[in-house]
Amino acid sequence: DTGVSQDPRHKITKRGQNVTFRCDPISEHNRLYWYRQTLGQGPEFLTYFQNEAQLEKSRLLSDRFSAERPKGSFSTLEIQRTEQGDSAMYLCASSAGSTGAGGELFFGEGSRLTVL
Amino acid sequence: GENVEQHPSTLSVQEGDSAVIKCTYSDSASNYFPWYKQELGKGPQLIIDIRSNVGEKKDQRIAVTLNKTAKHFSLHITETQPEDSAVYFCAASRRGGSQGNLIFGKGTKLSVKP
């Protein structure tokens, strides 16, 4: 399967713990996005990488959230000192867009976080 | 602020009927409008998109229309089938953002009854 893969698919943690999610985009896709989706809502943009550079971050993104894409391939999203409000599905997407028009987003199946 | 409103939140149709989902967006700078289908336990999948220089686009049973003046866009599915049952999201590109920096609506749960 050459789609976007995310790991782990499910994570249950206690409030205050740190969690990390990993995303492997489609090979050679230079654009990578993280979104968050809560029950009954549409996905909410968190951050965007072009290659290894983090170019966009949501104004709503707490300082407890950090994302990296060190070699321009896989990405990690870390949440420190988790809170119950962080419980959500974390979606990763990649695209092969070039400067200007951009391209279709391919989403992974998500990592579901439950904070107790 | 930036916003995309989507209606209805739920839609039930009989197999073979048409389904229409409508969205409005707030920022006139938005220039890209994709529609995504999300099945239970899966990530959203693009089904059709339209850019601001086009008024209508069709792909087999699916069509999208865009009215830039009114800031409305709609998804039309004809000859619905049970496998069309899913949650559908509209989205609009964000002012100043990359093409994948999207503002999503809250979704429409479509049920197609056989």
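This structure is a prediction, so every number in the text was calculated from the model and none was measured. Labels below follow one simple rule: chain letters A, B, ... track the order of the sequence lines, proteins then strands, and each chain is numbered from 1.
- The ring pair (Phe, Tyr, Trp, His ring centres under 6.0 Å) contacts involving residues 35-58 of chain B comprise Phe107(A)-Tyr36(B), Trp35(B)-Phe73(B), Tyr36(B)-Phe104(B), where partners must be two or more places apart or lie in separate chains.
- Neither the backbone nor the side chain of Arg112(A) comes within less than 4.5 Å of any heavy atom in chain B.
- Interface residues of residues 35-46 of chain A toward chain B, defined by a heavy-atom distance below 4.5 Å and sorted by number: Tyr35(A), Gln37(A), Gly40(A), Gln41(A), Gly42(A), Pro43(A), Phe45(A).
- When all heavy atoms are compared, the tightest approach of Pro44(B) to Leu91(A) is CD-CD1, 4.0 Å.
- Ile47(B) is not connected to Val87(B) by any chain of hydrophobic side-chain contacts under 4.5 Å among Ile, Leu, Val, Met, Phe, Trp and Tyr, and they are in different clusters.
- Ranked by heavy-atom pairs shorter than 4.5 Å toward chain A, the options Gln45(B), Gln38(B), Lys42(B) are led by Gln38(B).
- Placement of Ile48(B) and Val54(B) within a single hydrophobic cluster is found when ILVMFWY residues are connected by side-chain heavy-atom separations under 4.5 Å, directly or transitively.
- Hydrophobic clustering (ILVMFWY, side-chain heavy atoms < 4.5 Å, transitive): Phe89(B) and Ile62(B) are in distinct clusters.
- Hydrophobic clustering keeps Val20(B) apart from Leu66(B) (ILVMFWY residues linked when any side-chain heavy atoms are closer than 4.5 Å, directly or through intermediates).
- With sequence neighbours excluded, the residues that form a side-chain contact (heavy atoms from CB on, under 4.5 Å) with Leu116(A) are Ile12(A), Thr114(A).
- Of all the heavy atoms in Gln99(B) and Arg31(A), the pair that sits closest is N-NH1, 4.2 Å.
- Taking Glu56(A) as the reference, Ser98(B), Asn101(B) meet the side chain to side chain donor-acceptor pair (under 3.5 Å) condition, with sequence neighbours excluded.
- Hydrophobic clustering (ILVMFWY, side-chain heavy atoms < 4.5 Å, transitive): Leu32(A) and Leu61(A) are in one cluster.
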